[in-house]
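Input: a single structure, listed below in structure tokens.
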There are 2 protein chains.
Amino acid sequence: MAGTRRHGGGRGRPTLEEVAARAGVGRGTVSRVINGSPRVSDRTRTAVEQAVAELGYVPNRVARALAANRADAVALVIPEPETRLFAEPYFSDIIRGVGAELAETDLQLLLTLIRTPKERQRLADYLSAHRVDGVLLVSVHADDPLPDLLEQIEMPAVLSGRRSAHESVPYVDSDNTGGAQSAVEHLIGRGRSTVATITGPLDMYVAQCRLAGYRAAVRAAGREVDPELVAVADFTEEGGRRAMRRLLDQRPDVDGVFAASDVMAAGARQVLRENGRRVPDDVALVGFEDSAVARHMDPPLTSVRQGTEEMGRAMVRVLLEEIEGPSDRTSKRPQLVLPTQLVRRASS
Amino acid sequence: MAGTRRHGGGRGRPTLEEVAARAGVGRGTVSRVINGSPRVSDRTRTAVEQAVAELGYVPNRVARALAANRADAVALVIPEPETRLFAEPYFSDIIRGVGAELAETDLQLLLTLIRTPKERQRLADYLSAHRVDGVLLVSVHADDPLPDLLEQIEMPAVLSGRRSAHESVPYVDSDNTGGAQSAVEHLIGRGRSTVATITGPLDMYVAQCRLAGYRAAVRAAGREVDPELVAVADFTEEGGRRAMRRLLDQRPDVDGVFAASDVMAAGARQVLRENGRRVPDDVALVGFEDSAVARHMDPPLTSVRQGTEEMGRAMVRVLLEEIEGPSDRTSKRPQLVLPTQLVRRASS
DNA sequence: ATCACAGCTGGGAGCGCTCCCACAGTACCT
DNA sequence: AGGTACTGTGGGAGCGCTCCCAGCTGTGAT
């Protein structure tokens, strides 16, 4: 970082003051017109609007941010290494949703990838240095200090997913338990008698929920939950492969598998093929997330759709509310759980 | 958009002034220390640094931006509808690269998705309203006015890919022609006698280049370029399917296919399966991009790796140079072409 | 001792806005 | 006629920095 950074655009961009002069009014009045205040007479408003148009005036957002003590921007924080592993499509879908919803406001989107603890530290500084009005946190781990830290400095924040069943911070989550349950019910409904599950790491709440859904569905069918049919993995493709091998090894009679993520389902599918098991004829397979991976598998994967893009949109809506008027521990926090939906394809 | 937007963080964040008071020096001196100016005595520097530490001072970037007339931020502009269609993984890989490279500077990343012409208009305003120091443009169409517009307002910009062979603006591109050529040479080298190609829309320069590479390889093998073996598509999966059907219809003897994108290869693969053609036994298949799609296909897809993440990094490096000291039409523009590499998998 | 010229330092001016207070004008009551 | 209550409006103050110009030191040459 060195040297003189030239400003990009308008050398001689018109300022508020110039607009005021041209319209023959004061600065305050122009400001009111720009910000849509109702306390301006129609005649004045028209005059100002004309001057704005003639001069091609565009408010300087930096000056506005400084004067008004706000940033007109929100940050989307993405912990990078993990995201890469298990949630590729998730990540871009969230961005899409967030971007779409934000486009309808005049807020800007600051993207922050975190790779190292050092960067996480810098992040806290950034955020408190008034660059953003609020923060969206994606795929937060149970032990992540960031949410509480943000709470301390009174920075509005919304999580995607919960850290635990008693999440204290505003969040938007999808119905992991219900989604998993419907997936397993579907497998059982298709006549599968020995339905296994491949889970995510159980220190993640999302993995716990999907496992709980599996259990609920098994019990609802009047069966016992067999520990040999539960293989713990880590949301990666390789993890899915290992888990499937173990399953095949311990319970060769398995005829249905619910994987807690599409990527793990893809890994499982490879192992099934290697072992000469046909999908869905010998083993029916269902995933979770309904990402691009699911559509591209052979056969296409039945999966639990969680509407990731809609989650992104919802996060923004919640965040805007928090920015407008923050909730606190005493009031009811905005916490949303979005429905999921089973998308049936040829794998089951 | 209404109401009072609360500032997020520091109610009582310390200011430069307070640091100066505590260190017993003037504002200017603190500013010099913060910005690493050499014109400060060691004693003073130490005193200031201590005051900074004690107070937990973090410079207000907004104030800095206003005073210094720079933004400490760059924008990554992504035209959304197209990106969704043909370059899902491309898009997130670029972001990854850009984010990584930017992390080593103190620049922030502003993500801007463009969906409509109206949003494109607003974008020009944003950019000229001093919110960013430079712009990264992804997947720019041949007729996109934005690059020239940015040039007019002297906003540093870098493209990913070229609009044409005579691109005037700084860019980072991958060796599309060479990559395509090596893919087709590979197919021919594997003994395939009737090698077809599925191209992107030919009004895109990237598609032209990949077709040119196909042609070059065919000719280099001493063969004629048969128009019936060239199927024009649009970088989508459905386009890939349609093109493959046409190819199979017109030239049932086809035994090798080079698709100009992984996604189109995926579409082609489906049609091949429907028609009972085995991959690679009956038809060898190669894609372009080496995205996640390629790895997840069955069989895994041989593809031309273009190092998308590295492209993102390179774009940032070029942009930083442009911001430091802009090149103009008379000087030599920084224009980079990154090498590609064939990644062999089971599909060929 | 005098001058020149460095190396450091303090602080005024100003970036382009918003906020808010004061005040003019009009209308409507006693 | 005087009061009260608005609506509209102008412009000072200030957000927290950077820039830059003086001024203040100390050193070495004259």
Side-chain angles (χ1 to χ4, degrees), chain A residues 1-7 9-21 23-48 52 55 57-72 106 128-131 133, chain B residues 1-7 9-48 52 55 57-72 106 128-131:
Chain A
M1 281 328 340
T4 320
R5 188 164 301 139
R6 284 185 350 105
H7 60 290
R11 175 91 36 190
R13 287 219 147 259
T15 68
L16 230 201
E17 192 107 34
E18 296 175 57
V19 174
V25 300
R27 281 195 339 274
T29 303
V30 177
S31 177
R32 261 165 243 135
V33 172
I34 299 296
N35 295 294
S37 156
R39 322 212 139 289
V40 183
S41 70
D42 284 349
R43 239 165 51 84
T44 312
R45 163 167 287 115
T46 309
V48 171
V52 166
L55 260 33
Y57 170 73
V58 180
N60 183 324
R61 311 189 102 218
V62 177
R64 174 180 292 185
L66 180 60
N69 196 29
R70 57 191 162 93
D72 286 335
D106 63 351
S128 49
H130 287 277
R131 283 295 285 193
D133 297 315
Chain B
M1 285 319 341
T4 321
R5 190 166 297 138
R6 287 187 346 107
H7 61 289
R11 175 92 33 189
R13 286 220 148 258
T15 69
L16 230 202
E17 192 107 34
E18 296 175 57
V19 174
R22 175 150 198 143
V25 300
R27 279 194 341 271
T29 303
V30 178
S31 177
R32 261 166 243 136
V33 172
I34 297 296
N35 294 294
S37 156
R39 325 212 136 288
V40 183
S41 71
D42 284 350
R43 241 166 49 82
T44 311
R45 164 167 286 115
T46 310
V48 170
V52 166
L55 260 33
Y57 170 73
V58 180
N60 182 324
R61 310 190 102 218
V62 176
R64 173 181 293 184
L66 179 61
N69 196 29
R70 59 192 161 90
D72 286 337
D106 63 351
S128 49
H130 285 275
R131 283 295 283 194

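Owing to the predicted nature of the structure, the values given are computational and were not obtained by experimental measurement. A note on names: the letters A, B, ... follow the listed sequences, proteins ahead of strands, and every chain is numbered from 1.
- You'll find that the side chain of B/Leu66 is closest to C/dG16, out of D/dC19, C/dG16, D/dC17.
- Summarising the geometry, the separation between CG on B/Asn69 and C1' on D/dG16 is reported as 16 Å, rounded to the nearest angstrom.
- Listed by chain and residue number, A/Asn60, B/Leu66 satisfy the side chain to side chain contact (heavy atoms under 4.5 Å, CB included) test with A/Ala63 (two or more places apart in sequence, or in another chain).
- Closest to the side chain of B/Arg39, from the set C/dG16, D/dC19, C/dG7, is C/dG7.
- Judged as a side chain to side chain donor-acceptor pair (under 3.5 Å), and not counting sequence neighbours, the contacts of A/Ser41 are A/Thr44.
- Scanning for side chain to side chain donor-acceptor pair (under 3.5 Å) contacts around A/Arg64 gives an empty result, with sequence neighbours left out.
- Contacts of A/Thr15 classified as side chain to side chain donor-acceptor pair (under 3.5 Å), with partners at least two apart in sequence or in another chain: none.
- Of the candidate nucleotides D/dC19, C/dC17, D/dT9, D/dT9 has the atom nearest to the side chain of A/Val40.
- Each end of the helix from C/dA1-D/dT30 to C/dT30-D/dA1 gets its own rotation axis from five pairs of C1' atoms, and the angle between them is 50° to the nearest 10 degrees.
- If A/Ile34 and B/Ala63 are placed on DNA chain C by their nearest nucleotide, the residue sitting closer to the 5' end is B/Ala63.
- Listed by first then second residue, pairs satisfying salt bridge (Lys or Arg N to Asp or Glu O under 4.0 Å) with a partner in residues 23-32 of chain A number zero, not counting sequence neighbours.
- Taking CZ of B/Arg39 as the reference point, atom CZ of B/Arg45 lies at 11.5 Å (rounded to 0.5 Å).
- In this structure, the CD atom of A/Glu17 is 10 Å from the C1' atom of C/dC17, given to the nearest Å.
- Protein atom CG of A/Asp72 is 12 Å distant from nucleotide atom C1' of C/dC17, rounded to whole Å.
- Among C/dG16, C/dT18, D/dC17, the nucleotide with an atom closest to any side-chain atom of B/Asn60 is D/dC17.
- One can place CG of A/Asn35 at 14 Å from C1' of C/dC20, the figure rounded to the nearest angstrom.
- What separates CZ of A/Arg131 from C1' of D/dC17 is a distance of 13 Å, to the nearest Å.
- If you check C/dC17, C/dT18, D/dG16 against the side chain of A/Ser31, the one that comes closest is C/dT18.
- Across the protein-nucleic acid pair, B/Arg64 atom CZ and C/dG16 atom C1' stand 19 Å apart, rounded to whole Å.
- Among residues two or more places apart in sequence or in another chain, the side chain to side chain contact (heavy atoms under 4.5 Å, CB included) test is passed with B/Ala23 by B/Val25, B/Val48, B/Ala51.
- In this structure B/Arg22 satisfies the side chain to side chain donor-acceptor pair (under 3.5 Å) test together with B/Glu54, sequence neighbours excluded.
- B/Tyr57 and B/Leu16 get closest at one heavy-atom pair: CE1-N, 3.5 Å.
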Between the protein and nucleotides 10-14 of chain D, list the N/O to N/O atom pairs that are separated by less than 3.5 angstrom.
from	atom 1	to	atom 2	distance (Å)
D/dG10	OP2	A/Gly26	N	2.8
D/dG10	OP2	A/Thr29	OG1	2.6
D/dG10	N7	A/Arg32	NH2	3.4
D/dG10	O6	A/Arg32	NH2	3.0
D/dG12	N7	A/Arg27	NH2	3.3
D/dG12	O6	A/Arg27	NH2	2.6
D/dA13	N6	A/Arg27	NH2	2.8

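- Rounded to an integer number of Å, the gap from B/Leu16 CG to D/dC15 P is 13 Å.
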